[in-house]
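Here the structure is laid out as structure tokens; the discussion comes afterwards.
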Amino acid sequence: MFTNILVAVDGSEHSQRAVRYASDIAEKYKASLHIVHAPQIEIKTLSLGSGSLGVLPTHERIEALGKPVMEKAQAWAKDAGHEADATSILTGDTTESILGYAEQNGVDLIVSGSRGLGNLRGLLQGSISQKLTAHSSCPVLTVR
């Protein structure tokens, strides 16, 4: 039924449970397990006189901040009995980058935690898991 499973992680307790579910399903179906981390990027604003300028973190900075999250997620998957077949730290809009990765890699199930480490904006605009469910072309399993 499933051949390529993607689990989106952010280091939270909910994403740990999502990794366990994804690993279990991947093991049962002998599916590939893709672990991705797509951090919500905080834009720093510099005030310049009467104007302001938004500054994004560099790709290297995103990779450095994402590395410990990915290492944790890989350990969770291994502990759950199915090592990751692919890992990736994604950049850009969180939902769009996860859905883009899923499309490019033939993912047929996306697994995510119901509540992650998102900020207040996530509470106001809807969670990543809600957006994934609304816009994904494949099934999405949201883990509490």
Side-chain angles (χ1 to χ4, degrees), residues 1-47 52-144:
M1 177 171 252
F2 300 114
T3 57
N4 285 302
I5 298 171
L6 178 152
V7 59
V9 299
D10 64 2
S12 68
E13 205 175 295
H14 285 261
S15 71
Q16 180 179 12
R17 286 195 288 271
V19 169
R20 287 185 183 146
Y21 272 82
S23 297
D24 185 60
I25 295 167
E27 188 62 29
K28 283 182 172 67
Y29 286 100
K30 304 299 181 222
S32 294
L33 180 63
H34 301 251
I35 300 176
V36 300
H37 175 52
Q40 292 180 331
I41 304 300
E42 299 293 327
I43 299 173
K44 304 280 186 206
T45 304
L46 297 176
S47 296
S52 62
L53 176 68
V55 180
L56 293 170
T58 64
H59 182 71
E60 291 79 20
R61 179 76 177 138
I62 293 168
E63 287 280 332
L65 292 172
K67 187 177 178 183
V69 173
M70 291 301 289
E71 288 172 349
K72 247 195 312 190
Q74 287 174 288
W76 294 335
K78 187 176 182 178
D79 289 347
H82 193 96
E83 292 189 42
D85 297 290
T87 61
S88 186
I89 298 172
L90 309 174
T91 58
D93 177 80
T94 303
T95 304
E96 288 177 17
S97 61
I98 293 168
L99 293 174
Y101 181 97
E103 179 100 8
Q104 290 171 357
N105 291 278
V107 167
D108 45 23
L109 176 65
I110 297 173
V111 183
S112 72
S114 63
R115 191 78 198 121
L117 298 174
N119 55 20
L120 177 61
R121 183 179 65 186
L123 289 173
L124 300 174
Q125 295 178 343
S127 71
I128 300 302
S129 59
Q130 289 172 324
K131 291 177 186 177
L132 290 172
T133 301
H135 301 289
S136 176
S137 60
C138 69
V140 177
L141 172 62
T142 303
V143 179
R144 288 183 181 252

Exercise. How far apart are the C-alpha atoms of Ile25 and Leu109, what are their side-chain angles, what is the distance that settles it, and do they pass the side chain to side chain contact (heavy atoms under 4.5 Å, CB included) test?
Worked result: CA-CA 10 Å; Ile25 295 167; Leu109 176 65; 4.1 Å; yes
For this session: Could you give me the CA-CA distance, side-chain angles and deciding distance for Asp24 and Lys28, then say whether salt bridge (charged side-chain N to carboxylate O under 4.0 Å, His left out) is met?
Result: CA-CA 6 Å; Asp24 185 60; Lys28 283 182 172 67; 2.8 Å; yes
For this session: Report the C-alpha separation of Leu132 and Ile128 in whole Å, then their side-chain angles, then the decisive distance to 0.1 Å, and conclude whether the side chain to side chain contact (heavy atoms under 4.5 Å, CB included) test is met.
Result: CA-CA 6 Å; Leu132 290 172; Ile128 300 302; 4.0 Å; yes
For this session: Would you please test Leu99 and Ile110 for side chain to side chain contact (heavy atoms under 4.5 Å, CB included) and show each step?
Result: CA-CA 9 Å; Leu99 293 174; Ile110 297 173; 4.0 Å; yes
Problem set entry | Derivation and outcome, side chain to side chain contact (heavy atoms under 4.5 Å, CB included), residues Ser23 and Leu33 | CA-CA 7 Å; Ser23 297; Leu33 180 63; 3.6 Å; yes
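Within 6.0 Å of the CZ atom in Phe2, the count of heavy atoms belonging to other residues, nucleotides or ligands exceeds 12. Residue Glu71 qualifies as enclosed at atom CD: its count of foreign heavy atoms under 6.0 Å is above 12. Enclosure of atom CD in Glu27 by more than 12 non-hydrogen atoms of other residues, nucleotides or ligands within 6.0 angstrom is indicated.
Between Thr87 and His34 there is no side-chain heavy-atom pair separated by less than 4.5 Å. Contact check for Asn4 versus Asn105: no side-chain heavy atoms found under the 4.5 Å cut-off.
Looking at Asp10, its side chain does come within 3.5 Å of a backbone N or O of Ser12 through a donor-acceptor pair.
Considering every non-hydrogen atom in both Pro68 and Leu65, the closest pair reads CD-O, 3.4 Å. Of all non-hydrogen atoms in Val36 and Met70, the two that sit nearest each other are C-SD, 4.1 Å. Minimum heavy-atom separation, Gly66 to His37: CA-CD2, 3.6 Å.
Taken to the nearest 0.5 Å, the NE2 atom of His14 stands 11.5 Å off from the OG1 atom of Thr142. With values rounded to the nearest 0.5 angstrom, Ile98 atom CD1 is found 9.0 Å from Asp93 atom CG.
The existence of a salt bridge linking Glu13 and Arg17 is confirmed by a sub-4.0 Å separation between a basic side-chain nitrogen and an acidic carboxylate oxygen.
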